[in-house]
Amino acid sequence: MGRSYNTIAFDAAKCDGCGDCMTACATAKVGVGDTARSRIQVVGSADDGFELALCRQCGDPKCVTVCPAGALTKDGTSGVIGWKAAKCVDCLLCTVGCAYAGIALDAGTGHVAKCDMCDGAPACVPACPHDALTYITTSRIYNEVGDWEDLFAPGLAGCQGCNTELLMRHTLRRVGPDTVLATPPGCVPGMGSVGFNGTTGTKIPVFHPLLTNTAAMLAGIKRQYRRVGREVTALAIAGDGGASDVGFQSLSGAAERNEQILFMVVDNEGYMNTGMQRSSCTPYGAWTSTTPIGEGSRGMPSQGKTQDAKNLPLIMVNHRCEYVATASTAYMEDLYDKLDKAIQASKVGFAYLHVYSPCTTGWRFPTDQNMEVARKAVETNFVMLWEYTPGEGVRFTRPVDDPLPVTEYLRAMGRFRHLSPDQISHIQGKVVENLAFVKQMVHRASV
Amino acid sequence: MEHTKYLVVGSSHAALEAVTAIRMHDAEGSLTLLTRDTHLPYSPTVLPYVVSGRSAPDGIFLRDEKFFADNHVALKRGKALKALHTERNAAELADGSEIAYDKILLATGAAPAIPPIPGLDQVAYHVLRTLDDATKLNAAIKQSKQAVVMGAGLVGMHAAENLVKAGARVTIVEMAKQLTDGYFDATAAGLIEKAFTDNGARILTGSRVVKLAPSALGATLTLENGTRWKPDLLLVATGVKPNMDYLAGSPVEHERGILVSDTMQTSVANVWSAGDCAQARGFFSDAKVMNAILPDATEQGRIAGMAMAGDPGLKQYPGGVPLNTYHFFGRHAISVGSSKAPAGAEVVTRFDEANGRYLKVIFMEGRLLGIYGVNEFFDGGVMCQLILRQVDLSAVKERFVANPLAVGREFMSKLWR
C-alpha cells in the first residue's frame with residue numbers, strides 16, 4: 001500500500017487575507033517578516049475571496065521531473081518535496097514545471113524557495129487567527145492500518161456510498177485476528193460478514209446470533225474462552241435496531257454484569273437492511289417506510305416519525321460501563337482514539353462504542369455525500385462526540401462551540417424534505433436540549 | 001537472443017519518465033534501459049554547470065543503481081543502438097548483439113550539429129552534450145586565454161559566460177542577426193548582449209567562420225570578412241541534431257526527427273519515440289515540430305510510457321509549448337510559449353532600461369500566446385496553463401501585463417486549483 005502524508009488544509013471561507021500566515025512563514029524561514037518572501041502566498045481570487053499559492057507536495061511532482069540537477073526529491077516517508085541548495089543551479093525550470101505556483105524565486109536569495117512543512121510543525125498554521133489553515137495528520141492512521149491484515153473478504157455487498165464497510169474493515173484491522181465476532185441480523189451480515197455459500201466473510205470466527213440474544217451469546221462465548229485460557233476479544237457489530245429495540249434486554253444485562261465485551265453499534269437510525277423501517281433510534285420527523293409522508297387517515301396527515309429518538313449511548317452511560325463513547329467516520333482520528341480505548345476497556349469489562357452511520361439509501365442522499373452528512377451532523381450538534389469512563393465521567397472529544405443551524409444538516413438529505421417549520425423548530429429545540437443535557441453531565445464530571 | 005517486454009533506449013529525461021510511467025502500470029513486465037553513455041543518467045541541461053564547476057560531476061545523476069534494481073529495470077550502460085529491425089522486433093547493438101523487444105521507446109536524444117566548415121575536421125574543438133564533454137571543457141577553460149564560441153544559442157552562451165568568468169578573452173560568433181535567436185527578441189537579446197560585453201566578451205552576430213586550420217596553440221580561424229584569430233579553445237555550439245542514424249533502412253518515418261503521433265507512437269507498430277529525437281505536433285500549429293526542451297521531454301516520455309504499458313489513464317499530447325529559462329551573470333530570463341508574434345497578434349512590452357527589466361506579452365484575440373521576461377519573475381508553469389487552456393484574458397489585459405505573477409495566480413485559483 002502506498003503511503004499517506006500529512007498536509008496543510010486551507011478553508012477559503014475562513015480566510016480574510018490578513019497575511020499573518022505569510023509573516024509567520026517568512027519569519028520562520030528567512031528571519032524577517034517580509035511577506036513577499038513567504039513560501040505560502042495568500043492571493044486574491046478572481047471570485048473576490050482568497051486562495052493559496054502553496055506547494056501541494058504532489059504525488060507525481062512535475063518540479064522534480066523537470067529538475068536537471070537532481071536538486072528536488074520527494075521524501076517517501078514524509079511526502080515532502082525537498083530542495084537541496086548544493087545541487088540547485090538556479091535554472092528556474094521547476095517554476096516552469098509547477099502549475100500551482102508552489103515553487104517560486106525568492107528575490108532575497110536568488111534561489112527558488114518552497115514549503116518544506118517545517119519538519120512537521122508548519123509555522124503558518126498556528127499563526128492563522130481564523131483557523132483557515134489546519135495541519136491534517138490523519139495520514140498516520142492509514143499508514144499504520146495499511147500494514148495490518150484486512151480481516152474481511154474482498155467485495156462486501158454494501159449499498160453504494162455506505163460507510164459501514166469502511167467501519168468494519170478498520171475496526172477488525174485494529175482489533176486484530178484474535179477476535180470472535182458476533183453480527184446479529186442487520187446491514188453488517190447483509191453486507192457479507194457471515195458469508196455466502198458456506199464460507200464466512202471474515203478471516204476470524206464469526207457467528208450470526210438472533211437480534212434478541214447477541215450480547216448474551218457473545219458473553220457466554222467469551223466466558224468459555226476465558227475458561228480454557230485463551231485471550232480473545234469478543235466483538236459485536238450490531239445495528240441500532242437490534243441494540244436499542246429487541247436486543248436491548250440482553251445488551252443491558254451484559255453491561256450490567258460487566259461482561260468483557262466490545263459492543264459496537266452502527267447507528268443508521270432505522271431497520272435499513274429490511275426495508276427502512278423506523279427504530280427507536282430514528283429521529284423525530286424522519287421519513288421511513290413505517291413513518292410515511294402523506295394524507296394519513298381521519299384528518300391526521302402523516303409527517304414522518306412523531307416521537308424523538310432514544311439516546312442509546314446515554315442509556316449505556318447509566319450502566320456505568322468501563323467505557324462508552326460516540327463516534328463518527330467523518331472524524332477518523334477521534335474514532336480510532338476511542339476504538340483503542342474501547343479495546344483496552346473490553347479486557348476488564350463492558351465497552352460500548354456508538355458510531356453514527358449515515359444511510360445513503362434510507363436517508364435519501366447522493367452516494368458521494370456520506371462523509372459530508374456525517375460531518376454536518378456533528379457540526380450542527382445533531383449528534384455529539386463524547387466519551388465516558390467511570391473515573392472521568394463524560395467528556396466532549398470534539399466540542400462544537402459555534403454550531404451550524406440544524407437546517408444545514410436536515411437539508412442534506414431527502415428523509416427530512418417534507419418538514420414543516422414547526423417540525424424544524426422542534427428538532428432545533430431538541431438539539432439544544434440534548435446538548436444542555438450532555439453538558440450537565442460533563443459539568444458534573446468536572447466538579 | 002535476449003528478450004525484454006519493454007526496451008527503452010536512452011537515459012535522460014524522456015527515457016526516465018517513460019520508465020516511471022511503465023512501472024506505474026506494469027510493475028513486473030521485463031524492462032531494459034539501454035544507453036550509449038557509460039555514466040548513470042544525467043541531464044544535458046545541467047552540463048554548463050559542470051563546466052563552470054558549480055555542479056560536481058558525481059553529484060548530477062538523476063537516478064542511482066538502486067533505483068533500477070528496486071524497479072526491476074536492467075540498466076545497460078555503454079551500449080549503443082546500431083540498427084532497428086522492426087520486421088522482427090529486434091534492436092541490434094553496436095557490439096553486434098541483439099535484443100528482442102515487445103515494445104521499444106527511442107529516446108536517444110540529440111548530438112551536436114557540426115557545421116560543414118572547411119578545415120573543421122582538421123582542428124581540435126570542444127562540443128557540449130555529454131558529461132565527458134563537460135569535464136573536458138571544464139579542464140580546458142582553466143587554461144584558456146583566447147576562446148572562440150561558435151553559436152550563440154543557450155549552450156554556447158552558457159559556456160561563453162564560464163569562459164569569461166575563468167578569465168579568458170572570449171569571442172562569440174553567431175550567424176544570425178541576434179544572439180539567442182528563437183528564444184528572445186532583439187530587446188531581450190540586447191540585454192543579454194550588454195551583460196556579456198560589460199564583462200569583456202566580444203559578440204559578433206551576423207557573422208560566420210569560413211575556414212579553419214591547425215595552429216600551434218589550437219586553431220587558426222578565418223571569418224567571412226577575412227579577420228583571423230588563433231584561439232586556444234574552440235567550442236562548436238551551433239545547434240543539435242537528433243540521434244537517429246540507427247533508423248537507416250528502417251521503415252520508421254522520420255524527417256528532422258522521428259515522426260510521432262499524439263501518443264508518441266511512430267509510423268511502425270511497437271515503436272515509440274520521445275524527447276529531443278522526436279518530432280511531434282506543436283501546440284500552436286498542427287505541423288510536427290522539433291521542441292527539444294526538457295519539460296517537453298518529460299511530458300512526451302510519460303505519455304510514451306503510459307501508451308506502451310497500456311495505461312487507460314493516458315491522455316493525448318496537447319502539443320509542444322516552448323519553455324525556456326536562462327540564467328546569465330546573475331540575471332534570469334524566462335520564456336513561455338511563442339516567442340514570435342504571428343499576424344494579428346497583439347504585442348505589449350514593458351521595458352525598464354535602467355534596471356534591465358523587460359517583459360513582453362503576446363496575445364491573440366485576448367488569449368495568451370507567449371510571455372517572456374528578463375529579471376521579471378512570473379510563474380512559468382501557471383503561464384503555460386493559461387496558454388494550454390486558452391484562457392480569455394481580455395478583461396484583465398492591462399493588469400496582467402502590469403503584474404503577471406499576481407494575476408496569473410488569481411486565474412489559477414479559479415480555474416485549476
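Each chain gets a letter, A, B and so on, in the order its sequence line appears, and its residues count up from 1.
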Hey, are the side chains of B:Pro295 and A:Leu93 touching, using non-hydrogen atoms and a 4.5 Å cut-off? yes

Max heavy-atom pair count under 4.5 Å with chain A, selected residue of B:Thr20, B:Val50, B:Leu62: B:Leu62

Note: B:Glu17 and A:Thr65 closest approach over all heavy atoms is OE2-CG2, 3.0 Å

Just by modelled atom types, is the B:Gly59 backbone N or O under 3.5 Å from a matching donor or acceptor in the A:Lys87 side chain? yes

Please step through side chain to side chain contact (heavy atoms under 4.5 Å, CB included) for the pair B:His327 and A:Leu92, ending with a clear verdict. CA-CA 8 Å; B:His327 200 255; A:Leu92 301 184; 5.6 Å; no

Taking C-beta and beyond as the side chain, do A:Thr95 and B:Phe377 meet within less than 4.5 Å on heavy atoms? yes

Does the side chain of A:Leu105 reach to within under 4.5 Å of the side chain of B:His332, using non-hydrogen atoms? yes

Which residue out of B:Ile334, B:Asn324, B:Thr298 racks up the most heavy-atom pairs below 4.5 Å with chain A? B:Thr298

Go through B:Leu405, B:Leu294, B:Leu386, B:Val382 and name the one with the most non-hydrogen pairs under 4.5 angstrom from chain A. B:Leu294

At a 4.5 Å cut-off on heavy atoms, which part of B:Thr45 comes close to chain A: side chain, backbone, both, or neither? both

Which of B:Arg54, B:His13, B:Arg302 touches chain A most, by non-hydrogen pairs under 4.5 Å: B:Arg54

Minimum heavy-atom separation for A:Pro68 and B:Val46, please, with both atom names. O-CB, 3.5 Å

Heavy-atom pair count under 4.5 Å with chain B, highest-scoring of A:Asp60, A:Thr73, A:Val66: A:Val66

Do other residues, nucleotides or ligands put more than 12 heavy atoms under 6.0 Å from the CG atom of A:Asp368? yes

Pick one of side chain, backbone, both or neither for A:Cys88, based on which atoms fall under 4.5 Å of a heavy atom in chain B. backbone

Decide, yes or no, whether a salt bridge links A:Glu51 with B:Lys414 under the criterion of side-chain N to carboxylate O below 4.0 Å. no

Atom group of A:Cys91 that falls short of 4.5 Å from chain B, counting heavy atoms: both

Donor-acceptor pair, distance only, cut-off 3.5 Å: does the side chain of B:Trp416 make one with the backbone of A:Ala99? yes

What are the two closest non-hydrogen atoms of A:Ala104 and B:Arg409, and how far apart are they? CB-NH2, 3.7 Å

Per-residue contact mode, A:Val89 against chain B (heavy atom under 4.5 angstrom): both

Where does A:Cys67 contact chain B at under 4.5 Å (heavy atoms): side chain, backbone, both or neither? backbone

Quick check: are there more than 12 heavy atoms from other residues, nucleotides or ligands sitting under 6.0 Å from CE of B:Met24? no

